[in-house]
Protein chains: 2
Amino acid sequence: MGKADNPDPNSLLPLSPVVFSILLVLAGSEKHGYAIMKEAALPEGGGVTMGPGTLYGSLDRMMRSGLVEETGFTDNERRRYYRITKFGSEVFSAEAARLARVMNTVRRKALLEGARQ
Amino acid sequence: MGKADNPDPNSLLPLSPVVFSILLVLAGSEKHGYAIMKEAALPEGGGVTMGPGTLYGSLDRMMRSGLVEETGFTDNERRRYYRITKFGSEVFSAEAARLARVMNTVRRKALLEGARQ
DNA sequence: AGCAATATATCACTTACGGATATATCTAGT
DNA sequence: ACTAGATATATCCGTAAGTGATATATTGCT
């Protein structure tokens, strides 16, 4: 029994801005909830401001769909750390590729915009 | 009395993928509902597949928040045309700029990813 | 001591979205 | 002429997602 019976990453697309930002800030290093919330609010993190309800509700759903998992590690009994899973990385990459295509369309349309008349 | 008492475009961010795709396909030329739905499903339109419930529900909300409006024009009594408003264009640009920053972070993280170890 | 920030949890409310159904017209194939 | 599929919009209901408030406890600052 292979450990992964995950669906096609593309079937979860498009991701909501909240979910994409959480995956983005978790890409590279694991973090605890509050740190995720703070980094997601920064421009580099997507500028996505969310309250605790959105954060922990989203983390729950993301764990249930296999995008992230708790690490078990703790440097402070108040903190719970989360990491992105392999499947989560695949979904994140797929969404990044989708957004890259969208941004190409945006640039192309901006050119036509400037060229008209 | 100026015609626009619209809020700061940034206050509506981030946009959902559905709303962003609808604005994207309307950028440049006005279209009727069904055409929006078909184009949004194409890769260039964002690859966002939506049923009629999502489409017309979203158009309603977007009209109420001033992002789009009906043109009144019709080349076919079955079709209702929509166009993006000036305010809608501002919101769309703001979201495109946000996504561009996000994509910069994605690229930067991808480099670190490849460079690690 | 008191206040703000850190850190998580939870609940109630609203909004957004998905999927199905319905209706009507038009077009293409047989 | 019949039929199937595409076009085009409308509406409804259930679920998922996000918002905002409240709660609790700890830490750090002044």
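These values consider heavy atoms only, across backbone and side chains, with no hydrogens, waters or symmetry-generated copies.
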Contact between [X] and [Y] at the side-chain level, heavy atoms closer than 4.5 Å - yes or no?
| X | Y | result |
| --- | --- | --- |
| Ile84(B) | Ile22(B) | no |
| Ile36(B) | Leu59(B) | yes |
| Leu26(B) | Lys31(B) | yes |
| Leu67(B) | Leu12(B) | yes |
| Pro17(B) | Arg98(A) | yes |
| Phe20(A) | Val48(A) | no |
| Val18(B) | Leu55(B) | no |

Measure from [atom1] on [X] to [atom2] on [N] and round the result to the nearest Å.
| X | N | atom1 | atom2 | result |
| --- | --- | --- | --- | --- |
| Met50(A) | dG18(D) | CE | P | 9 Å |
| Glu39(A) | dT6(C) | CD | P | 13 Å |
| Leu55(A) | dT6(C) | CG | P | 14 Å |
| Ile22(A) | dG18(D) | CD1 | C1' | 11 Å |
| Leu15(B) | dG18(D) | CG | C1' | 15 Å |
| Leu59(A) | dT10(C) | CG | C1' | 14 Å |
| Asp60(B) | dG18(C) | CG | C1' | 16 Å |
| Met37(B) | dG19(C) | CE | C1' | 13 Å |

Which protein N or O atoms sit under 3.5 Å from an N or O of nucleotides 15-17 of chain C?
from: dA16(C); atom 1: OP2; to: Arg61(B); atom 2: NE; distance (Å): 3.2
from: dC17(C); atom 1: OP1; to: Ser16(B); atom 2: OG; distance (Å): 2.7
from: dC17(C); atom 1: OP2; to: Ser58(B); atom 2: OG; distance (Å): 3.4
from: dC17(C); atom 1: OP2; to: Arg61(B); atom 2: NH2; distance (Å): 3.2

Might you list the N or O atoms of the protein lying below 3.5 Å from N or O atoms in nucleotides 21-24 of chain C, with each pair's distance?
none

query = Quick one: which of Arg101(A), Arg108(A), Arg107(A) gives a side chain to side chain donor-acceptor pair (under 3.5 Å) with Asn104(A)?
reply = Arg107(A)

message = Starting from Tyr81(B), can I reach Tyr56(B) by hopping between I/L/V/M/F/W/Y residues whose side chains sit under 4.5 Å apart?
response = no

ask   = Relative to the 5' end of DNA chain C, which residue comes earlier, Pro14(A) or Gly57(A), by the nucleotide with the nearest heavy atom?
value = Gly57(A)

inquiry  = Judged by each residue's nearest nucleotide on DNA chain C, which is more toward the 5′ side, Gly33(A) or Thr49(B)?
reply    = Gly33(A)

